[in-house]
Amino acid sequence: MSQKILAINSGSSSLKFKLYELSEQTVLASGHVDRIGQRNSTFTFEIHGQKTIQAEKMDDHLAAIQAVVNGLLTSHVIEHKSEIIAVGHRISHGGRFYTHPVKVDAAVKAKIKELSVLSPLHNPVNLAGIEAFEKILPEAAEVATFDTSFHYTIPPKAYMYGLPYNYFKDHDIRRYGFHGPSHEYIVLKARELFGTQQTRRMITCHLGNGASLCAALDGKSVNSSMGFTPLAGLLMGTRSGDIDPEIIPFIEERFHMSSEDVRKMLNQDSGLLGLSGLSNDVRDLNQAAKAGNQRAQLALDVYVHQIQQYIGAYTTDLNGLDMLVFTAGVGEHSAMIRQAVCAQLTFLGVKLDDEKNRADALRIDAPNSRVKVAVIPTDEEAIIARDIKQVLGIK
Ligand code: AMP
């Protein structure tokens with residue numbers, strides 16, 4: 001019986017997983033559960049390149065995790081649950097406490113719960129995932145990988161807000177940065193593929209439904225567009241990103257909205273969806289814009305403009321730019337967004353090879369581009385699996 005480890009990446013209504021064979025570090029099975037808690041949940045399961053999708057109502061994360069473990073058993077990827085010796089979880093907010101991954105115990109769970117005030121949409125479901133595995137695989141060790149850990153190298157000048165100092169000192173209000181496992185994976189992969197010299201000053205653009213940019217110097221994060229929470233920075237699928245803070249009390253007072261109502265509006269009804277009134281999906285907006293929908297075009301224009309502004313700002317943080325990397329759903333697949341972003345970066349010497357860009361090639365820069373531009377598929381689960389081994393001291 002070979003030993004296996006399981007990487008779990010759970011979002012508010014979704015869950016991705018990868019099962020690894022421990023000694024070889026090969027992926028034995030992977031998949032995702034979408035729309036947990038809704039009537040039309042689906043379970044996608046992939047082994048040996050064969051994908052199956054089934055509709056299955058799943059009320060909560062416990063049901064989703066039960067479905068994953070059942071799927072592994074019925075497909076004979078595992079014969080017994082005890083083959084899974086450890087489970088790694090991606091946890092949204094580690095506050096100032098977790099600069100590295102840790103083994104989960106009662107104290108860690110209590111901290112994750114306490115930190116839910118900083119990440120109300122994510123930490124509670126992450127904790128639900130941990131507790132579900134305690135029930136389903138009680139023998140397996142559990143490890144927590146925090147979204148914030150990779151960004152602990154951000155210097156104070158970039159993480160402090162211009163607020164009275166005691167909010168930082170007594171209440172930990174500062175920039176933390178998120179999407180750590182994705183940015184870390186991209187930074188490590190780019191350094192492995194292209195060498196450390198060519199990737200010294202790097203900007204990684206994670207453009208998915210959530211989106212953030214990271215400035216990395218010599219492999220370490222020095223800035224993140226996300227902040228105290230994952231709502232900050234770029235406008236995203238449904239999240240507003242940065243807005244003038246005065247807008248919030250203005251809306252609360254004008255529309256008699258509670259802070260909970262405003263939080264929901266900023267997280268779920270804003271961004272590409274809110275601006276376009278149509279969709280949070282770049283594919284839909286692109287199609288609609290081509291058909292003449294002006295609000296769809298406006299949403300895309302604002303999105304691209306904000307990405308360009310962050311790239312400009314981060315080039316200053318890095319005092320130059322060696323490599324720009326695109327990743328996640330939009331970054332990996334939308335040649336149109338990459339082209340639109342880079343069109344305003346010619347002052348930096350960025351030049352794309354249009355054919356390679358259209359083909360989503362690994363390197364999409366033209367031979368005379370001063371900045372290298374790459375498209376690298378992200379793999380957050382690979383970082384979670386690495387962390388399991390590190391924390392448990394497995395060679
Ligand atoms: P992620 O959160 O990384 O799974 O990314 C999801 C988002 O990626 C979707 O909401 C789409 O906006 C975007 N996306 C996925 N595939 C494409 C594509 N082929 N072209 C443009 N956008 C895409």
Hey, does the side chain of [X] reach the backbone of [Y] with a donor-acceptor pair shorter than 3.5 angstrom?
| X | Y | value |
| --- | --- | --- |
| Asp261 | Ser258 | yes |
| Arg200 | Asp322 | no |
| Thr238 | Asn267 | yes |
| Asp105 | Val108 | yes |
| Ser149 | Tyr98 | yes |

Evaluate the side-chain proximity of [Y] to [X]: yes if any heavy-atom separation is below 4.5 Å, no if none is.
| X | Y | value |
| --- | --- | --- |
| Ile248 | Ile243 | yes |
| Leu121 | Arg239 | no |
| Thr327 | Tyr185 | no |
| Glu139 | Ser82 | no |
| Ile186 | His206 | no |
| Leu345 | Phe347 | yes |
| Leu234 | Leu213 | yes |
| Leu298 | Leu275 | yes |

Residues Asp353, Arg363; criterion salt bridge (charged side-chain N to carboxylate O under 4.0 Å, His left out); working and verdict: CA-CA 9 Å; Asp353 178 317; Arg363 281 285 289 274; over 6 Å; no

Looking just at side-chain N and O atoms, do [X] and [Y] make a donor-acceptor pair shorter than 3.5 Å?
| X | Y | result |
| --- | --- | --- |
| Gln50 | Thr52 | no |
| His179 | Ser224 | no |
| Asn357 | Gln339 | no |
| Ser221 | His151 | yes |

Quick one: list whatever passes salt bridge (Lys or Arg N to Asp or Glu O under 4.0 Å) with Asp147, sequence neighbours left out. Arg90

Would one find more than 12 heavy atoms of other residues, nucleotides or ligands at under 6.0 Å from atom CD of Glu131?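 Yes.
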
More than 12 foreign heavy atoms under 6.0 Å from CD of Glu134: is that the case here?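 It does: Glu134 CD has more than 12 such atoms within range.
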
Answer yes if the ring centres of His122 and Phe178 are under 6.0 angstrom apart, and no otherwise. no

Please determine if Lys18 and Asp379 form a salt bridge, counting it only when a charged side-chain N lies under 4.0 Å from a carboxylate O. yes

Under a 4.5 Å side-chain heavy-atom rule over Ile, Leu, Val, Met, Phe, Trp and Tyr, are Ile203 and Leu217 clustered together? yes

